[in-house]
Protein chains: 2
Amino acid sequence: MSSERISDAELTIMEILWERAPLTATDVAARLPDDRDWSLPTVKTLLSRLLTKAAVEHRADGRRFLYSPLIDREDYVSHESKRLVDRLFGGRFMPLVAHLAEQEKLSDADISEIERLLREMKS
Amino acid sequence: MSSERISDAELTIMEILWERAPLTATDVAARLPDDRDWSLPTVKTLLSRLLTKAAVEHRADGRRFLYSPLIDREDYVSHESKRLVDRLFGGRFMPLVAHLAEQEKLSDADISEIERLLREMKS
DNA sequence: AATCTCCGACTACAGATGTAGTCGATTCGA
DNA sequence: TCGAATCGACTACATCTGTAGTCGGAGATT
């Protein structure tokens, strides 16, 4: 909800918390993906920025904090998708889908899979 | 191509040049959308940043410069779309479609359209 | 109790971004 | 020809972002 943008680095932290929460700062640092080899202070900085952005909350546990996401991944994903679509496709989702479908080399199997999914959706 | 990211403000300039080029800085400023009421110096700053990012080029015309885009809108759109899909959907196309369909961002008509598109691709 | 260790808070700092101002040179209009 | 308008170059500056360091205090260890 909060319209503060979440940066790339911050998103890395959010993904960790979305997968499992609550976690301490140290726990979060331990779960960083391999390509994000950050120091603990860095993780703490990012967590505190996420706190001020109201994207996560923390609860005291002894003298540590346990962090949990405050915003839903689904909501975030929707928000960012909409942002891209607004910026690049005049606000319409279809052109994005069409564009990606054209770009992507989908195998026949992929296509069948998507077709199946769509059929299910069309209820 | 050039992997330098184009910022939001810079994108506004690119859109103007994609629609019509070459243009002088003053021309660009004159074509700003209503919600971007920037001063001429601002436009010039953005143009020069785009120059160093090799996103536009300029050619002297008397004592002015005529600016033209160096990167294709299609390429940019592809790049940014892929970035979104990578960041939020693990690089896979189907989860995006599923997400959009679930959020009801896609109408039944859209879905039929996608199906048609897929059928065509399956050649 | 003295020390060590770990925590959160605060500070740091370079680069990117949004937004604009100044200034010397040039050209155009009178 | 002389001032006015205009141009590009350079400078400015607050905020955000990526990345990390320092420090005082609370707990744990001996």
Side-chain angles (χ1 to χ4, degrees), chain A residues 2-17 21-68 76 79-80 83-84 87, chain B residues 2-17 21-68 71 76 79-80 83 87:
Chain A
S2 69
S3 62
E4 305 261 25
R5 297 264 296 141
I6 290 175
S7 79
D8 252 40
E10 287 159 2
L11 181 58
T12 301
I13 304 294
M14 292 303 292
E15 292 287 4
I16 293 168
L17 290 175
L23 292 177
T24 67
T26 309
D27 290 340
V28 171
R31 289 161 179 269
L32 286 171
D34 293 338
D35 56 330
R36 295 288 170 123
D37 194 14
W38 291 329
S39 71
L40 189 54
T42 297
V43 171
K44 287 177 181 176
T45 298
L46 292 171
L47 280 169
S48 78
R49 287 181 186 167
L50 287 168
L51 269 180
T52 56
K53 290 182 183 180
V56 306
E57 65 178 344
H58 65 356
R59 159 167 56 86
D61 168 46
R63 89 195 166 97
R64 294 160 324 154
F65 282 128
L66 291 177
Y67 292 85
S68 304
Y76 177 75
H79 187 258
E80 287 301 300
R83 186 177 136 83
L84 180 96
R87 277 171 32 117
Chain B
S2 69
S3 61
E4 305 260 26
R5 299 262 298 139
I6 291 175
S7 79
D8 252 41
E10 287 159 2
L11 181 58
T12 301
I13 304 294
M14 291 304 291
E15 292 287 5
I16 293 168
L17 290 174
L23 292 177
T24 67
T26 308
D27 290 340
V28 171
R31 288 160 179 270
L32 286 171
D34 293 338
D35 57 329
R36 295 286 170 127
D37 193 14
W38 290 330
S39 72
L40 189 54
T42 296
V43 171
K44 287 177 180 175
T45 297
L46 292 172
L47 280 169
S48 78
R49 287 181 186 167
L50 287 168
L51 269 180
T52 57
K53 290 182 183 178
V56 306
E57 66 179 343
H58 65 355
R59 158 167 55 86
D61 169 45
R63 88 193 169 97
R64 294 161 324 155
F65 283 129
L66 291 177
Y67 293 85
S68 305
I71 66 181
Y76 178 75
H79 188 257
E80 288 300 302
R83 187 177 135 83
R87 278 171 33 114

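All values derive from a computational prediction rather than experimental measurement. Each chain gets a letter, A, B and so on, in the order the sequences are listed, and its residues count up from 1.
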Measure distances between side-chain N and O atoms of [X] and base N and O atoms of [N], and say whether any donor-acceptor pair falls under 3.5 Å.
| X | N | value |
| --- | --- | --- |
| B:S48 | D:dA9 | no |
| A:R49 | D:dC16 | no |
| B:R64 | D:dT6 | no |

[options]: which one has an atom nearest the side-chain heavy atoms of [X]?
| X | options | value |
| --- | --- | --- |
| B:R5 | C:dT17, D:dT11, D:dT19 | C:dT17 |
| A:A25 | D:dA5, C:dA20, C:dG8 | C:dG8 |
| A:E10 | D:dA9, D:dT19, D:dT17 | D:dT17 |
| A:L40 | D:dC7, C:dA20, C:dC7 | C:dC7 |

Would you please confirm or rule out a distance under 4.0 Å between OP1 or OP2 of [N] and any side-chain N or O of [X]?
| X | N | value |
| --- | --- | --- |
| A:K44 | D:dT22 | no |
| A:T26 | C:dC7 | yes |
| A:T42 | D:dG18 | no |
| B:S7 | C:dG18 | yes |

### Message
Whether B:D27 and B:R64 form a salt bridge (side-chain N of Lys/Arg under 4.0 Å from carboxylate O of Asp/Glu) is what I want to check.
### Response
no

### Message
Taking B:E10 first and then B:R5, would you say they form a salt bridge - that is, a charged N and a carboxylate O separated by under 4.0 Å?
### Response
no

### Message
Run the side-chain hydrogen bond (donor to acceptor under 3.5 Å, both in side chains) test on A:T45 and A:S48 for me, step by step, so that the C-alpha distance in whole Å, both residues' side-chain angles and the decisive distance to 0.1 Å come before the verdict.
### Response
CA-CA 5 Å; A:T45 298; A:S48 78; 5.6 Å; no

